[in-house]
2 protein chains.
Amino acid sequence: MKSLSSEMQVFLEYIEQKQLKLTPHRELILETFLKHEGHRSVEDIYRVVRESDPRIGYTTVYRTMKILLACGLARAIDLADGMTRYEHLYNHEHHDHMICMQCGKSIEFYNAEIESIQDSASEQLGFKVLDHKLQIFGLCNECRT
Amino acid sequence: MKSLSSEMQVFLEYIEQKQLKLTPHRELILETFLKHEGHRSVEDIYRVVRESDPRIGYTTVYRTMKILLACGLARAIDLADGMTRYEHLYNHEHHDHMICMQCGKSIEFYNAEIESIQDSASEQLGFKVLDHKLQIFGLCNECRT
DNA sequence: CTGTGTGCAAATGGTTTGCAAAAAC
DNA sequence: GTTTTTGCAAACCATTTGCACACAG
């Protein structure tokens, strides 16, 4: 028997809690999203999903991505290119982004020290940290010359 | 004689370099922007500017804010409320934002340690840091119960 | 004059919504 | 049969752009 991925379990739980249904469309969008790493726009996802089922509409992708955000499977990121992009969140290490201002490439990185200092600095100000986004803008290895 | 603010000097320099002109409209928008602290949307600025000169159009505010961004007098921030907001950059301490997910309030903070670790961590990855944005999402003192 | 700046209205483009038909249960 | 989901088209809304006019050198 085939075992469900833990992401799918999270999804099913959320869907039940919210009294939503697991439809083939939602399932396909989730699978497609999980299958690809990186920073993907709604249009990216829409294009790939369409290869499996051309009857799926743009709107459904938008609506499903909202569900994935709400249940913690996706994270919205803004790479300053005019549209919201999504990346996996659940079961993935938290990380931040360095964005090259010349070529537009974005590099993921993680630094435990930064994370812990953020938490303690916020606590000192009475702020309870739930999430954060750090974007570092500059020039990547190839572009800095 | 009245001395120019250093911000105005930066503006004049940039304007000359780009062969633009110092028009009354641009000057008024800059003054208005400088006069108010905080995170202000184009509409905020437009409303205030209109009190001094109702003939100024929305478009001009947009176009002038672009100039202010380009010459380093303003910084664009995204407080996730659907529109771009601007705050002073020149002659102001760099800072980051904590955004309360309940009441929407944003708190500015600065932590030197975070700054320096960001730089060194990025350097290690061959990335030249030019700017960064850090947003911490959570609950502020009042909202955390 | 010549060229830049400006206001208005219209266009743009990512995202959301209204609604009737389709699918799920 | 009742309720949720979906696709399409239209609406939205912040921002940008086209264009004719205003204004400065």
Side-chain angles (χ1 to χ4, degrees), chain A residues 11-12 14-33 39-71 74-87 104, chain B residues 11-12 14-33 39-71 74-87 104:
Chain A
F11 190 59
L12 291 174
Y14 181 83
I15 267 183
E16 175 159 15
Q17 180 207 327
K18 291 286 185 181
Q19 314 236 55
L20 304 173
K21 286 170 189 165
L22 180 64
T23 67
H25 285 185
R26 284 176 178 161
E27 198 173 351
L28 177 59
I29 293 167
L30 172 59
E31 272 172 15
T32 304
F33 175 66
H39 315 123
R40 333 236 325 291
S41 66
V42 166
E43 205 198 325
D44 293 339
I45 299 164
Y46 173 73
R47 254 202 317 274
V48 177
V49 159
R50 280 227 140 195
E51 290 169 15
S52 301
D53 187 343
R55 290 170 309 169
I56 292 183
Y58 225 91
T59 317
T60 305
V61 180
Y62 268 105
R63 288 194 272 230
T64 305
M65 290 316 295
K66 266 203 166 154
I67 299 176
L68 296 188
L69 282 180
C71 67
R75 178 161 79 134
I77 53 181
D78 176 19
L79 298 180
D81 64 348
M83 60 188 109
T84 305
R85 290 174 173 278
Y86 301 89
E87 63 179 12
Chain B
F11 190 59
L12 291 174
Y14 181 83
I15 267 184
E16 175 158 15
Q17 180 205 327
K18 291 284 184 182
Q19 314 236 54
L20 303 172
K21 286 169 187 164
L22 181 64
T23 66
H25 285 185
R26 283 174 180 162
E27 198 174 349
L28 177 58
I29 292 167
L30 172 58
E31 272 171 15
T32 304
F33 175 66
H39 316 121
R40 331 234 329 287
S41 65
V42 166
E43 205 198 325
D44 293 339
I45 299 164
Y46 174 72
R47 254 200 317 271
V48 178
V49 158
R50 281 227 138 197
E51 290 169 14
S52 301
D53 187 345
R55 288 169 311 168
I56 292 184
Y58 224 91
T59 317
T60 304
V61 181
Y62 268 107
R63 289 194 270 229
T64 306
M65 290 316 295
K66 265 201 169 156
I67 299 175
L68 298 187
L69 281 180
C71 66
R75 178 159 80 133
I77 53 181
D78 176 20
L79 298 181
D81 64 348
M83 60 189 109
T84 305
R85 291 175 173 277
Y86 301 89
E87 63 179 11

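In what follows, every heavy atom counts, from backbone to side chain, and hydrogens, waters and symmetry copies are set aside. Numbered from 1 within each chain, the chains take letters A, B, ... in sequence-line order. What you see is a predicted model; the values in this text were computed from it and never measured.
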Handout entry: Side-chain touch H25(B)/D53(B), heavy atoms, less than 4.5 angstrom
Key = yes
Handout entry: 4.5 Å side-chain heavy-atom contact, L68(B) and F11(B)
Key = yes
Practice task
Would you mind building the protein contact string for nucleotides 20-25 of chain C? One character per nucleotide, 5' to 3', B for base within reach (heavy atoms under 4.0 Å), S for sugar-phosphate only, - for untouched.
Solution key: ----SS
Fill in the blank from the handout: For I45(A) and V61(A), the nearest pair of non-hydrogen atoms, with its separation, is CG2-CG1, 3.9 Å
Practice task
Could you tell me the separation between the NZ atom of K21(A) and the CD atom of E27(A), rounded to the nearest 0.5 Å?
Solution key: 15.5 Å
Problem - Q19(B), CD atom: more than 12 neighbouring heavy atoms under 6.0 Å - result: no
Fill in the blank from the handout: Between CG of L28(B) and P of dT6(C) the distance, given in whole Å, is 11 Å
Fill in the blank from the handout: Rounded to whole Å, the CE-C1' distance (M65(A) to dT16(C)) equals 16 Å
Completion exercise
Whole-Å distance, K18(B) NZ to dT4(C) C1', equals 16 Å
Problem - Nucleotide dG5(C), atom C1' - distance to CD of Q19(B) in whole Å - result: 15 Å
Practice task
Answer yes or no: is there a side-chain heavy-atom contact under 4.5 Å between V48(A) and R40(A)?
Solution key: yes
Practice task
Write down the distance between OH (Y46(A)) and P (dT16(C)), rounded to a whole number of angstrom.
Solution key: 16 Å
Fill in the blank from the handout: Against the side chain of L20(B), the closest entry in dG7(D), dG5(C), dT5(D) is dG5(C)
Handout entry: Presence of salt bridge, R47(B) and E51(B), under 4.0 angstrom
Key = no
Practice task
Find out whether V49(B) and F33(B) are in side-chain contact, i.e. whether some heavy atom of one side chain is under 4.5 Å from a heavy atom of the other.
Solution key: no
Fill in the blank from the handout: Expected string for nucleotides 11-21 of chain D under the B/S/- scheme (protein heavy atoms, under 4.0 Å, primed atoms plus P, OP1, OP2 as sugar-phosphate) is ---SBBB----
